[in-house]
Amino acid sequence: MAAPMLRGVSPVRRWSLAWVDGGSRHRRTSPNGSTSNRIREQSSVAQQPLHTAQKPRKGGHKWAAVVGLEIHAQISSNSKLFSGSQVSFTAPPNSLVSFFDASLPGTLPVLNRRCVEAAVMTGLALNCRINKKSLFDRKHYFYADLPAGYQITQQRLPIAANGSLSYGVFVGNRWSHMATKTVRIKQIQLEQDSGKSLHDDLRSQTLIDLNRAGVGLLEVVMEPDLSCGEEAAAVVKELQLILQALGTSQANMAEGQLRVDANISVHHPGEPLGIRTEVKNLNSIRFLARAIDHEIQRQINELESGGEILNETRSFDPKLGCTVPMRDKEGKQDYRFMPEPNLPPLVLYDTASLPAGADSQQVINIDQIRDALPELPSATRKRLVQQYGMLPEHSFALLNEAGLLQFFQNVMKETRAEPKKVTSWVLNTLLGYLKHHNLAVSESPITPSALAGLLDLLDSKAISSSAAKQVFEELWKGEAKTAAQIVSEKQLELMQDQEALERLCQSMMEGHPQVVMDMKKGNPRAINKLIGLVRKATLNRADPAVIKDTLERLSS
């Protein structure tokens, strides 16, 4: 029987900021300036002792790259994996540390039910086999931000295994050509996070914050099925969307809730795989793609120049745009794995194996979790394509930007405009403005209702497309005016008097006989010039298409 899942909150004590003397063992800081606290994490794929790659044969053979990812996602839970301490990114240093988190003698772990449910839910979403029995292990290594000197993880028998994740990549960097690929999931395991170290190089000191020590993590270990940074970025983005849809992790990379390690090697096709390096703690999707592509090219250059590839751990420096050595790669034997003696096997059930009269608070039903799974990103994209007739690449764009899908759907609820036109305005105009001003969708000064009102005016042909852009710019100022009010104030309504428009077109043609002659000869620039002159005379209140039709009719 599994250990009880629900527990009381352990006593939490505020711990003062700890200092580690500069003479202690130092580590290279991570790309974002904070400590690389996960730099010593063991790859779940079995490691070998330090190796070097063989020199390539002469002859200019092509190279193939192999990339495998290990992704650590912080579980969305109010408390830590094995203690009742709260989880908060903004809490003061060492204010959320229980006796167990600080590894005081006599303290014991109590498993967090929410974290187990999150692992099962994620495993099901990634098409994994959920193991009804899983085990916890100790992985030993010493750092100041790991008080116990070991990490509780799942090495021998994880909670989920043998899954897959489908993702989309654009062929030739063209949005109109998308390919669907699949990466295999080796396993998903529960483990506790370490604390956080901040290095002060000027004072040769290290600050230790144990607030993060013991926070629950999901480690998703992928098979080496990728070949470049673009594919890796697409995989991580898809996983991020899945975790957010499930609610199992906020997956905010800026706050360290999603951290990626990439194992990279190169070889000649048809030959054995090359020696791999590991690039640790990549904390943004953009840096991930850059780091992998740089490391691939670095290895190729090294081998082609007669050098050797070391089996080592590296970090990515975003300022220099390159990877730099950190340390030799630990092997599996270096961590001295052993069974965790204070935690019994974790036992899960399905409907068929659920014991009669079992307390629902003390057991976890896999089938019950499967039935409660929400709509996943892949299903959402299919629904958008079917419901609105949009292109698949547009459905990807709507989901990839946080909050953009909800914005689009809110506009659709309030406008008569066609979905195609709404999609264009949201993805091209709105998103373009947001990117230009470095704003999130939630910070947009234009509300869905305001954009819907603008699109209704455009759909009813009350304003021209150029006038609509002017209205959008006014709405962007955030002055609490509706699109209709702006149109009225600036007199942007389309010119409805067809006779007056014909007279204006006739007058413009008489005033520019040479342009008219060029237009009759089939010069497209000529008619565009006349259209521009008429629009200017009407203060952009005439529809360009109507102007063109009128000019062509009068000149025939």
Side-chain angles (χ1 to χ4, degrees), residues 76 125 168 175 237-238 240-252 254 372-490 492:
S76 292
W175 278 88
K237 182 60 182 179
E238 187 69 11
Q240 185 182 46
L241 292 174
I242 291 173
L243 294 172
Q244 291 169 346
L246 296 171
T248 54
S249 175
Q250 296 179 24
N252 185 338
L373 287 177
E375 182 180 69
L376 297 178
S378 57
T380 301
R381 294 190 193 98
K382 291 180 181 178
R383 175 173 58 81
L384 291 173
V385 171
Q386 295 173 355
Q387 182 176 354
Y388 300 113
M390 67 175 60
L391 297 174
E393 53 266 26
H394 291 163
S395 68
F396 269 86
L398 285 174
L399 262 71
N400 284 354
E401 195 71 31
L404 195 60
L405 175 60
Q406 187 63 48
F407 191 102
F408 168 81
Q409 292 176 326
N410 288 339
V411 175
M412 286 299 305
K413 292 176 183 177
E414 300 188 45
T415 184
R416 301 184 302 271
E418 296 180 351
K420 183 178 180 180
K421 183 166 290 186
V422 177
T423 302
S424 176
W425 274 82
V426 169
L427 290 181
N428 297 329
T429 308
L430 177 71
L431 189 57
Y433 270 69
L434 291 172
K435 296 289 187 182
H436 179 73
H437 292 87
N438 197 27
L439 295 176
V441 175
S442 59
E443 299 171 317
S444 172
I446 297 181
T447 65
S449 296
L451 183 56
L454 169 59
L455 295 178
D456 280 343
L457 292 174
L458 189 59
D459 184 67
S460 63
K461 299 188 183 304
I463 58 175
S464 65
S465 57
S466 60
K469 293 179 180 178
Q470 288 182 256
V471 175
F472 186 91
E473 291 175 355
E474 292 297 321
L475 289 172
W476 187 264
K477 296 177 181 178
E479 296 177 353
K481 294 180 181 179
T482 65
Q485 289 173 331
I486 294 171
V487 168
S488 177
E489 290 176 5
K490 294 190 173 293
L492 296 174

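Hydrogens, waters and symmetry mates play no part in the numbers below; they use all other heavy atoms, side chains included. As the structure is a computational prediction, the values presented were derived from the model and not from experiment.
Counting heavy atoms of neighbouring residues, nucleotides and ligands inside a 6.0 Å radius, atom CD of Glu418 does not exceed 12 of them.
Shown here for Lys481 and Leu475, the closest heavy-atom pair between the two residues is O-CD2, 3.2 Å. Minimum interatomic distance between Pro377 and Ala245 (heavy atoms only, all atoms of both residues): CD-CB, 4.2 Å. What you find for Ala452 and Thr415 is that their closest heavy atoms are O-OG1, 3.7 Å. Here the closest heavy-atom approach between residue Arg381 and residue Glu238 is recorded as NH2-OE1, 2.6 Å. The heavy-atom pair separating Leu457 from Ala484 by the smallest distance is CD1-N, 3.8 Å. Taking each heavy atom of Ser249 and Ser76 in turn, the nearest pair found is CA-OG, 3.2 Å.
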request  = Run the numbers on Leu458 and Lys421 for side-chain contact (heavy atoms from CB on, under 4.5 Å), then give the verdict.
outcome  = CA-CA 10 Å; Leu458 189 59; Lys421 183 166 290 186; 4.2 Å; yes

request  = Check the pair Val426, Leu451 against side-chain contact (heavy atoms from CB on, under 4.5 Å), reporting the backbone distance first and the verdict last.
outcome  = CA-CA 9 Å; Val426 169; Leu451 183 56; 4.1 Å; yes

key: Evaluation steps, side-chain contact (heavy atoms from CB on, under 4.5 Å), between Leu399 and Leu384   = CA-CA 10 Å; Leu399 262 71; Leu384 291 173; 3.8 Å; yes

query = Between Leu376 and Leu246, does a side-chain contact (heavy atoms from CB on, under 4.5 Å) hold up when you go through it step by step?
reply = CA-CA 8 Å; Leu376 297 178; Leu246 296 171; 3.8 Å; yes

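A salt bridge links Lys435 to Glu401: at least one charged side-chain nitrogen sits closer than 4.0 Å to a carboxylate oxygen.
Under the 3.5 Å distance criterion, with hydrogens and angles disregarded, a donor-acceptor pair is assigned to the side chains of Thr380 and Glu375. There is no side-chain donor-acceptor pair under 3.5 Å between Thr447 and Ser449. No donor-acceptor contact under 3.5 angstrom links the side chains of Glu414 and Asn410, judged on distance only.
Atom OG1 of Thr423 is separated from atom CG of Leu398 by 6.0 Å, given to the nearest 0.5 angstrom. Atoms CD and CG, from Glu474 and Leu492 in turn, are 8.5 Å apart once rounded to the nearest 0.5 Å. Rounded to the nearest 0.5 angstrom, Gln250 CD and Gln244 CD are separated by 8.5 Å. Atom CD in Gln470 sits 11.5 Å away from atom CG in Leu454 (nearest 0.5 Å). Atom CG of Leu427 and atom CG of Leu404 lie 6.0 Å apart (nearest 0.5 Å). To the nearest 0.5 Å, the span separating CG on Leu455 from OG on Ser460 amounts to 10.5 Å.
Within the 3.5 Å criterion, the main-chain N or O of Pro392 finds a donor-acceptor partner in the side chain of Ser395.
Ring pair Trp425/Phe472 is tilted by interplanar angle, where 30° to 60° counts as tilted. In this structure, Tyr388 and Phe408 have perpendicular ring planes: the angle between them is above 60°, well past the 30° mark.
Counting only heavy atoms from C-beta outward, the side chains of Ser465 and Lys469 never approach each other to under 4.5 Å. By the 4.5 Å heavy-atom criterion applied to side chains, Leu430 and Trp476 are counted as neighbours. Residues Leu439 and Ser444 fail the side-chain proximity criterion, which asks for heavy atoms closer than 4.5 Å.
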